[in-house]
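This report refers to the structure that appears directly beneath it.
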There are 2 protein chains.
Amino acid sequence: MSRRDFHRATEAERRHDLIEATLDCISEAGLQGATVRQIATKAGVTAGLIRHYFASKDVILQEAYKVVIARLTEKAKNLDGTPEERLSSFIFVNLTEPVANSRSLSLWAAFISRVSVDPALATIHREGYLSFRQELEQLLADVLAAKGESVHPARNRALAIAVNGVLDGLWLEGCLAGELFEESELVSIAFSSIEALIGHPIKAPAPTDMDREYRDALRIHHR
Amino acid sequence: MSRRDFHRATEAERRHDLIEATLDCISEAGLQGATVRQIATKAGVTAGLIRHYFASKDVILQEAYKVVIARLTEKAKNLDGTPEERLSSFIFVNLTEPVANSRSLSLWAAFISRVSVDPALATIHREGYLSFRQELEQLLADVLAAKGESVHPARNRALAIAVNGVLDGLWLEGCLAGELFEESELVSIAFSSIEALIGHPIKAPAPTDMDREYRDALRIHHR
DNA sequence: CTCACAGTTATTCAAGCGTATAACAAAATC
DNA sequence: GATTTTGTTATACGCTTGAATAACTGTGAG
């Protein structure tokens, strides 16, 4: 019985690997499948190591949730271009890979179902949610301002809620039943819906790689 | 040590009580909190009885999921009135109690997070989802037909996806952060959004109790 | 009133859980 | 190259889990 070989990793590496392993476990087998032993196996270490990096299993789950939220929102930050282009990219980014896929939904839903149970997760959730919606609210205000519209704060807030709702709902549909939709059907629907909501057409963004993909998408369905 | 008293219930009663207890456990403590012992305690029986009515824990969870889906969709069925009134009620019903509250979301999310893991749940989910969207698709077709519009099937399908997305997304926001919204803000937003999507105003439904409540809602926010 | 059935309880079991801790060894330090 | 440090393994513990089974008892049939 010889002891198994092991590699000493840096703290950053190890924590990253362990959190990735946690997310893999959750997406493959649900929260119930994310046991310390499963996580350790997936990360190629032994179970005890998890508690060397995380004070408890709850803590690693909290850290994992932060990563999930970051992945769902980071692509929609730091967009550039005109307000209209940024809105356009925002829509596209939120409804295509890697934000919209079934793994994202599995992870998101697993944590959401515990948000109302676990106060620590609730805090993490609320911060992420508010920051996302405020970002969208600012973006919409910029778009309307660029159109020369004076925007009443209450109307802008309602608009943000509506647009957020459309994006959330379409994201949900895409994740849940992606195979029922053609590639970019949802993006196309989102564009027409949001154009209807804000009362203005939305121009295509500047021609980056991403946006070329996006325009291809539109060409197919948006006619 | 005397044996505890017990009451012999009919099969229907017992199954109903056990499923309700299961839902209570899930909404209060997540899927992880729904152990056979917790469910039994909540239902006022002992753990062994669960396996007398359900072949395994998985089976009671599947039955519970069916109930959750039914609760989320049943209120939106068998609406009456003109197509426009039915659409109006449909929107209202889906964004107010008892469909939209944090308990509904807890239950929904808990099961959704297992849909991609458990094939039995996936089947139950898919059936519920398709039936809901087909209902909405028919409803929208009726509304547009009543407006004298000839409806291309593809356009109607896209419209149904969009409206479904708006409703899902707003439902989600209302459940997640209900306290951030005033009573009927979401209903009001849904009306303007969906009016924009279908290109027609939506009349208020016939004056039932429900609809009076609904109009009060609109009066506050929609003007 | 008796009896047999079946709904229910009580108890047990093996497996898996999160956690604690001691032994070990890879790498950094001197 | 010896020594220290600490990342990592290995093992054990108490507890909970889903499940199986035996014992009990409420209840309807006769």
**Report entry** Sugar-phosphate only, base, or nothing, as touched by A:Tyr53 at under 4.0 Å among non-hydrogen atoms
**Finding:** sugar-phosphate
**Report entry** Gap between atoms CG and P, on B:Leu49 and D:dG26 respectively (whole Å)
**Finding:** 15 Å
Requested in this report: Determine yes or no for a side-chain-to-main-chain donor-acceptor pair under 3.5 angstrom, with B:Asn156 supplying the side chain and B:Glu137 the backbone.
Outcome: yes
Show the distances under 3.5 angstrom between N or O atoms of the protein and N or O atoms of nucleotides 25-30 of chain C.
from   : atom 1 : to     : atom 2 : distance (Å)
C:dA26 : N3     : A:Arg8 : NH1    : 2.8

Query - Between C:dG7 (C1') and B:Asp17 (CG): distance, integer Å - result: 14 Å
Requested in this report: Round to the nearest Å and state the distance from A:Glu13 atom CD to D:dT8 atom C1'.
Outcome: 15 Å
Which pairs, protein N/O on one side and nucleotides 12-19 of chain C N/O on the other, fall under 3.5 Å?
from   : atom 1 : to      : atom 2 : distance (Å)
C:dG18 : OP1    : A:Lys57 : NZ     : 2.7
C:dG18 : OP2    : A:Val36 : N      : 2.9
C:dG18 : N7     : A:Arg37 : NH1    : 2.8
C:dG18 : O6     : A:Arg37 : NH2    : 2.8
C:dT19 : OP2    : A:Lys57 : N      : 3.0
C:dT19 : O5'    : A:Arg51 : NH1    : 3.3

Query raised in the report: Distance only, no hydrogens: is a donor on one side chain within 3.5 Å (strictly under) of an acceptor on the other, for A:Ser106 and B:Ser116?
Result: yes
**Report entry** Stepwise side-chain contact (heavy atoms from CB on, under 4.5 Å) test for A:Val45 and A:Arg14
**Finding:** CA-CA 10 Å; A:Val45 298; A:Arg14 202 54 105 187; 3.6 Å; yes
Query - Separation of atom NE2 in B:His52 from atom C1' in D:dA22, rounded to whole Å - result: 14 Å
Query raised in the report: Cut-off 3.5 Å, side chains only: do A:Gln62 and A:Asp58 have a donor facing an acceptor?
Result: no
Query raised in the report: Taking atom C1' of D:dG28 as reference, at what distance in whole Å does atom CD of B:Glu11 sit?
Result: 17 Å
Query raised in the report: Between B:Arg114 and A:Gly30, is there a donor-acceptor pair closer than 3.5 Å when you use the side chain of the first and the backbone of the second?
Result: no
Query raised in the report: Counting distance only, does the side-chain N/O of B:Lys57 pair as donor-acceptor with the main-chain N or O of B:Ala34 below 3.5 Å?
Result: yes
Query raised in the report: Passes side-chain contact (heavy atoms from CB on, under 4.5 Å), B:Lys77 versus B:Glu74? Steps please.
Result: CA-CA 5 Å; B:Lys77 301 193 172 185; B:Glu74 72 195 356; 5.6 Å; no
Report task. To the nearest Å, give me how far apart CD1 (B:Ile39) and P (D:dT17) are. Result -> 11 Å
**Report entry** Between D:dG18 (P) and B:Phe54 (CZ): distance, integer Å
**Finding:** 15 Å
Query raised in the report: Looking at B:Gln38, B:Lys42, B:Arg103, which hits side chain to side chain donor-acceptor pair (under 3.5 Å) with B:Asp24?
Result: B:Arg103
Report task. Quickly work out the A:Leu18 CG to D:dT9 C1' distance and round it to whole Å. Result -> 14 Å
